[in-house]
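Within every chain, numbering begins at 1; the chains are lettered A, B, ... in the order of the sequence lines, protein sequences first and strands thereafter. The figures here come from the full heavy-atom set of this structure, side chains too, leaving out hydrogens, waters and symmetry mates. Note that the structure is predicted; figures quoted are calculated from it, not measured.
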Protein chains: 2
Amino acid sequence: MLSIGTLSRRTGTKVQTIRYYEEIGLMNEARRTAGGQRRYVEKDLHRLAFIRHSRQLGFSLDSIRELLDLSDNPSQSCAEADSIARRQLRQVEQRIKRLQALKKELKRMVADCQGDSVVECKVLEVLRDHSACLTVRRQLG
Amino acid sequence: MLSIGTLSRRTGTKVQTIRYYEEIGLMNEARRTAGGQRRYVEKDLHRLAFIRHSRQLGFSLDSIRELLDLSDNPSQSCAEADSIARRQLRQVEQRIKRLQALKKELKRMVADCQGDSVVECKVLEVLRDHSACLTVRRQLG
DNA sequence: CCTTATACCTACAGTGACTATAGCTTACAG
DNA sequence: CTGTAAGCTATAGTCACTGTAGGTATAAGG
């Protein structure tokens, strides 16, 4: 029987986070000792590891809920899991695109800055004058 | 005299968001009509545009607060604004790195998936077995 | 058996940056 | 003068946690 602290250490999850996952129904309600402390089995550890790994890959808790459901009902086709993963991939690719546009704009901003007084500061000027900024508008509109 | 709705339309900011910016002290408290409605001048419009543009470039509201302070005191050196922008650039670059690691991992996941039953689903397998995943661990640890 | 340190418990507030809702009031055009 | 669009406040909700206060349980050492 594993304590919540052991789960925490073995998965790199904060204790509060584990309790939070239980609260929102992502983890099953744990058994309790006579004194009311949570006790877990290996299966719970695996489930938590699955959740944490999925979170690291950027899946939302809702997506993870779906993935766990699939994982719990192994007879279905895997197409659903595949489509969730593909959706996630698309989102990540979108975010990368956005950030690359930002990066370009920020680079231009700091490259043009000469360390002059604020009056002629290129950074502030760019921020003031949105019209000078094309890349970002196209990507973020 | 501009209404909050006009400001909203001209900067693409939700009305609530403008009120929120006032509440947290990012926008000055607006003048009011006898009936209590907010009225703005051109200067407020520029300030809001500055805030929105900075947000689109990913600056936090705290960073924007600093940038606005600098912008309000034009006699100082621009070095501070420059360093805020550079910090932002570094953060964006970091995020891009992270996301690219995620993308790689997700691509591997969906590429290996054959649409079989859940039992042998590669997506779920990868999520279950964190040890198979090296890239992400290196980038996100 | 008793003490003590550590781990655990609940309940609630806070984070960032908004967004949404309910229920009301004002401004302005016709 | 009336209708309606737009405004107002106050409050709660979003996401995924994180932190805190104040109390209790457990396990190891004496």
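- Phosphate contact (OP1/OP2 of dA27(C), side-chain N/O of Thr33(B), threshold under 4.0 Å): present.
- Between the CZ atom of Arg32(A) and the P atom of dC9(C) there is a distance of 6 Å, rounded to whole Å.
- In this structure, Ile24(A) atom CD1 and dA16(D) atom P are separated by 8 Å, rounded to whole Å.
- The residue among Phe59(B) and Gly35(B) whose nearest nucleotide of DNA chain C lies closer to the 5′ end is Phe59(B).
- With hydrogens and angles disregarded, no donor-acceptor distance shorter than 3.5 Å links the side chain of Arg95(B) to the backbone of Leu99(B).
- A donor and an acceptor atom never sit less than 3.5 Å apart when one is taken from the side chain of Gln37(B) and the other from the base of dA6(D).
- Atom CE of Met1(A) and atom C1' of dA27(D) are 17 Å apart (whole Å).
- Using a distance-only test at 3.5 Å, with no hydrogens or angles considered, a donor-acceptor pair links the side chain of Ser54(A) to the main chain of Phe50(A).
- OP1 and OP2 of dA16(D) both lie 4.0 Å or more from every side-chain N or O belonging to Arg52(A).
- A straight line from CD of Gln16(A) to C1' of dC8(C) spans 11 Å, rounded to a whole angstrom.
- Not one side-chain nitrogen or oxygen of Thr17(B) sits closer than 4.0 Å to the OP1 or OP2 atom of dA17(C).
- With hydrogens and angles disregarded, no donor-acceptor distance shorter than 3.5 Å links the side chain of Thr13(A) to the backbone of Thr17(A).
- There is a side-chain donor-acceptor pair under 3.5 Å between Tyr21(B) and Arg52(B).
- Arg19(B) comes within 4.0 angstrom of a nucleotide base, judged by non-hydrogen atoms across all strands.
- Phosphate contact (OP1/OP2 of dC18(C), side-chain N/O of Tyr21(B), threshold under 4.0 Å): present.
- Side-chain N or O atoms of Glu105(A) include none that pairs as donor or acceptor with a backbone N or O of Leu57(B) at under 3.5 Å.
- Taking 4.0 angstrom as the limit, Ser3(A) places a side-chain polar atom (N or O) nearer than this to OP1 or OP2 of dC8(C).
- At the phosphate of dG7(D), neither OP1 nor OP2 sits under 4.0 Å from any side-chain N or O atom of Arg38(B).
- In this structure, Arg39(A) and Glu23(A) both approach DNA chain C, and ranking their closest nucleotides by distance from the 5' end singles out Arg39(A).
- Note: CZ (Arg55(B)) to C1' (dC18(C)) measures 9 Å, nearest angstrom.
- Atom-to-atom, CG of Leu26(A) to P of dC15(D) comes out at 13 Å; the value is rounded to the nearest Å.
- Of the candidate nucleotides dG7(D), dC17(D), dA25(D), dG7(D) has the atom nearest to the side chain of Ile4(B).
- Residue Asp62(A) contributes atom CG, which lies 12 Å from atom P of dC17(D) at whole-angstrom precision.
- Nearest nucleotide to the side chain of Lys14(B), out of dT26(D), dA20(C), dA17(C): dA20(C).
- Here the nucleotide nearest the side chain of Leu61(B), chosen from dT18(D), dC17(D), dA17(C), is dA17(C).
- For the pair Arg31(A) (side chain) and Met1(A) (backbone), a donor-acceptor distance under 3.5 Å is absent.
- Look at CD on Glu22(B): it is 16 Å from C1' on dC18(C), rounded to the nearest Å.
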